[in-house]
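Structure first, commentary second.
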Amino acid sequence: MNIYNTLTGRKEILKPLEPDHVRMYVCGVTVYDDCHLGHARSAIVFDVLKRYLVHQGYRVTYVRNFTDIDDKIIKRADQETRTWTEVVEQYIKAYYRDMDRLHVVIPDVEPRATDHMSEIIMLIADLLEKGVAYHVQGDVFYEVAAYQAYGRLSGRKEAELLAGARVEVDERKKHPMDFALWKASKPGEPSWESPWGKGRPGWHIECSAMSIRHLGRTFDIHGGGKDLIFPHHENEIAQSCSYTGQEFAQYWVHNGFVTIDQEKMSKSLGNFFTIAEIFDKASWKESVTAEALRYFLLSTHYRSDLNFSDHALSAAKSALDNLYDLFQRLEEDGACQEVDGVQALDAHLIKFDRAFEQSMDDDLNTPKTLAAFQRLRADVNKLGQVGLSKEGKTTTLERFRTCGKVLGLFQLPSKEWEFSSTLLEGSVNIDSSGSAGLETGQEDDEWIKQQIEKRYNARERKDFATADTIRQELASKGIVLEDRADGTTRWKR
RNA sequence: GGCGCCGUACCCAAGUGGCUAAGGGAGCAGUCUGCAAAACUGCGAUUCAGCGGUUCGAACCCGCUCGGCGCCUCCA
């Protein structure tokens with residue numbers, strides 16, 4: 001497959017160092033707060049990348065870290081007068097809850113910074129020994145001037161990197177861009193013993209230590225949000241390459257932001273939605289919300305920013321409604337005669353397979369992949385008008401499910417899908433004997449169910465006047481009824 | 001100030017030198033339906049922010065202008 005490499009600024013053919021094995025490291029989260037949609041996007045992008053690589057037949061070792069020691073964590077703990085470890089445990093748990101709801105695959109390794117102190121210290125000691133870092137009063141800084149290629153990822157030249165325009169420069173640094181490898185701790189702060197006194201690691205060094213430990217000195221893919229390109233990833237490259245004397249990651253992959261009103265979603269702007277919040281606010285059940293969110297996030301190419309809104313989410317939901325509607329019809333034995341168009345169907349499936357592969361190979365062009373699914377939906381629907389054999393239906397559904405799985409989509413039992421454009425929704429199944437049943441979520445639901453039963457009985461008697469009155473009455477309350485081929489009535493509002 | 005990204009129909013969004021500018025949402029009309037809904041069919045950008053240039057040929061390349069955003073500070 002082709003993948004865009006930030007390091008070279010172009011799409012490149014992915015050639016893992018070991019032919020059948022892809023090793024990738026993705027910067028995870030700092031666990032000091034609930035994660036928001038932006039974090040979800042990053043998680044889902046790399047989730048899909050992993051799934052696709054596996055689909056391609058690669059063995060994939062996927063490492064995603066937790067930053068579990070950091071100024072923000074300490075600050076949070078202070079504010080809430082509890083220990084930093086309590087903060088960490090709470091938000092790791094919350095992170096798992098969110099990832100689980102989003103059906104994000106669990107990485108193969110999820111290292112924590114604090115479990116790698118000996119590696120971190122060893123790495124810093126080596127950098128000091130090599131003379132590319134210096135020790136000042138318990139702090140250790142990496143000397144950017146020592147690394148010739150500094151700036152190659154972000155495309156910044158050293159002369160341009162005149163810091164101080166926006167930050168106060170630590171006087172003890174030799175150069176404003178030098179960054180901390182080790183920070184001396186103040187009394188009362190969490191600390192680890194080191195040759196330079198008690199302290200904690202700087203932010204960048206942990207990722208070098210953990211990626212090298214779990215993936216080796218040079219590995220294939222290093223990913224994260226594009227806000228990490230500078231300085232985080234630039235610094236990782238400098239320190240890692242200084243340490244190993246060899247290339248760090250071959251391919252650097254960065255996802256775009258989630259925006260609100262075209263502005264980056266961020267803690268500091270306060271314009272963010274946490275994942276938990278979105279699940280709470282959505283009127284659909286969790287699995288449906290998760291799928292709508294995923295569809296929405298994948299409907300824009302991963303490198304572009306994408307703007308979140310209720311409208312955008314419900315557009316994604318509507319697109320999925322059409323797909324799940326087809327899935328239901330494919331599962332029903334229903335009215336279709338066995339006319340078939342085996343050849344026509346095969347042609348469509350072959351066309352789809354090619355489109356799927358091509359779009360995914362092209363730098364994970366998921367919007368194009370979704371278009372391919374929609375195209376297949378339309379083609380199959382057309383054939384369905386004529387009639388599809390049982391076998392054809394099964395094959396088609398299979399294809400949606402197996403290829404959809406690569407995107408983490410279309411895995412819900414089709415009966416569990418909720419068809420509604422907004423608000424809440426339910427469905428009442430009335431079988432031929434007229435008995436009805438399904439869960440209620442709303443006090444109104446029981447009444448609606450009764451109306452549907454009354455209407456059903458009226459229709460049995462061919463009393464269409466009464467049936468229509470009931471339909472209209474419900475319609476006036478914004479409730480739409482759909483009589484389905486299998487004799488059930490579905491409603492939505 | 002430095003570096004970079006983006007501007008495609010009512011909305012979202014592919015396409016980045018050459019067949020009719022994908023796909024989705026919303027909308028309108030028709031087929032189907034006892035009536036509906038769903039599905040299907042048809043309609044919808046002579047045009048890709050604007051202006052110049054390169055080219056036989058540009059939404060795609062170059063330049064300028066306008067507009068939006070991002071990184072340079074913790075950030076997915």
Side-chain angles (χ1 to χ4, degrees), chain A residues 9 26-30 32 35-46 67 70-72 75 151 154-157 159-163 165-168 177 203 223-232 234 254-259 261-269 272 295-296 299-301 303-307 309 311-312 314-323 325-326 328-329 355 359 362 365-375 377-378 380-386 419 421 459 462-465 467-468 471-472 474-475 480-485 489-492:
Chain A
V26 175
C27 288
V29 291
T30 301
Y32 74 104
C35 55
H36 59 58
L37 239 201
H39 301 109
R41 184 179 192 197
S42 183
I44 284 175
V45 164
F46 291 102
T67 297
D70 163 272
D71 292 354
K72 290 191 294 290
K75 191 176 158 199
S154 55
R156 284 154 219 252
K157 292 171 188 67
E160 291 159 358
L161 297 172
L162 288 174
R166 296 179 63 184
V167 211
E168 257 180 64
M177 286 318 295
W203 176 37
K226 70 177 181 185
D227 45 359
L228 298 181
I229 295 171
F230 191 89
H232 184 53
E234 196 71 73
H254 295 99
N255 63 274
F257 301 133
V258 175
T259 60
D261 295 329
Q262 321 306 329
E263 283 190 316
K264 181 186 175 186
M265 181 181 284
S266 73
K267 289 279 160 64
S268 44
L269 281 170
F272 61 90
Y295 192 100
F296 161 69
S299 66
T300 296
H301 184 84
R303 279 191 284 123
S304 304
D305 292 345
L306 102 157
N307 200 53
S309 65
H311 183 257
S314 57
K317 170 65 169 56
S318 296
L320 279 165
D321 282 345
N322 295 331
L323 288 158
D325 206 295
L326 170 64
Q328 287 198 350
R329 278 179 278 120
S359 57
D362 182 17
N365 193 336
T366 54
K368 215 170 178 178
T369 308
L370 293 177
F373 278 112
Q374 291 289 357
R375 186 59 188 249
R377 175 189 63 82
V380 170
N381 269 330
K382 259 172 237 179
L383 284 181
Q385 296 289 104
V386 192
F419 291 89
S421 47
R459 289 177 67 219
K462 303 268 186 235
D463 178 5
F464 296 121
D468 285 353
R471 179 192 284 288
Q472 275 154 28
L474 286 166
V480 181
L481 301 184
E482 177 188 344
D483 299 323
R484 313 198 65 247
T489 294
R490 187 151 79 199
W491 64 273
K492 45 186 160 183

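Small disclaimer: the values here were computed from a predicted structure and weren't measured.
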Q) Does OP1 or OP2 of rC40(B) have a side-chain N or O of R377(A) closer than 4.0 Å? A) yes

(Q) Rounded to whole Å, please give me the gap between NE2 in H254(A) and P in rC72(B). (A) 13 Å

Q. How many angstroms lie between CD in Q374(A) and CG in L320(A), if you round to the nearest 0.5 Å?
A. 8.0 Å

Q. Got a sec, which residues hit side chain to side chain donor-acceptor pair (under 3.5 Å) with S359(A), two or more places apart in sequence or on another chain?
A. T369(A)

Q) When we call it a touch if two heavy atoms are under 4.0 Å apart, what does H232(A) touch: a base, just sugar-phosphate, or nothing? A) nothing

Q. Picking from rA37(B), rG70(B), rC71(B), which would you name as closest to the side chain of K226(A)?
A. rG70(B)

Q.
At less than 4.0 Å, is any side-chain N or O atom of K264(A) found next to OP1 or OP2 of rC71(B)? Yes or no.
A. yes

(Q) Counting the atoms with a prime plus P, OP1 and OP2 as sugar-phosphate, which does A315(A) contact under 4.0 Å by heavy atoms, base, sugar-phosphate, or nothing? (A) sugar-phosphate

Q: Indicate, yes or no, whether a donor-acceptor pair under 3.5 Å links the base of rC35(B) to the side chain of R471(A).
A: yes

Q: For rG23(B), take OP1 and OP2 only and decide whether either is under 4.0 Å from a side-chain N or O of R375(A).
A: yes

Q) What nucleic acid atoms does V258(A) come within less than 4.0 Å of, heavy atoms only: base, sugar-phosphate, or nothing? A) base

Q) So what does D468(A) hit on the nucleic acid, given a heavy-atom distance under 4.0 Å: a base, only sugar-phosphate, or nothing? A) base

Q | Given rG68(B), rG23(B), rC35(B), the nucleotide with the shortest approach to the side chain of Q262(A) | A | rG68(B)

Q | Sugar-phosphate only, base, or nothing, as touched by G223(A) at under 4.0 Å among non-hydrogen atoms | A | nothing

(Q) Defining pairs by Watson-Crick or G-U wobble geometry with both distances under 3.5 Å, how would you list the stems of RNA chain B with at least three pairs each? (A) B:1-7 with B:66-72, B:10-12 with B:23-25, B:27-31 with B:39-43, B:49-53 with B:61-65

**Q.** Minimum-distance nucleotide to A371(A) side chain [options: rA76(B), rA14(B), rA22(B)]
**A.** rA22(B)

Q) Counting only distance, no hydrogens or angles, is the base of rC69(B) paired donor-acceptor with the side chain of D261(A) under 3.5 Å? A) no

Q. Would you say N322(A) reaches rA39(B)'s phosphate, i.e. side-chain N/O to OP1/OP2 under 4.0 Å?
A. yes

Q: Could you check D325(A) against R377(A) for salt bridge (charged side-chain N to carboxylate O under 4.0 Å, His left out), going step by step and ending with a plain yes or no?
A: CA-CA 10 Å; D325(A) 206 295; R377(A) 175 189 63 82; over 6 Å; no

Q) So what does G224(A) touch, heavy atoms closer than 4.0 Å: a base, only the sugar-phosphate, or nothing? A) sugar-phosphate

Q: For the side chain of N381(A), starting at C-beta, report the closest nucleotide among rC35(B), rA39(B), rA14(B).
A: rA39(B)

Q) Counting only side-chain N and O atoms of R303(A), is one of them less than 4.0 Å from OP1 or OP2 of rC6(B)? A) no

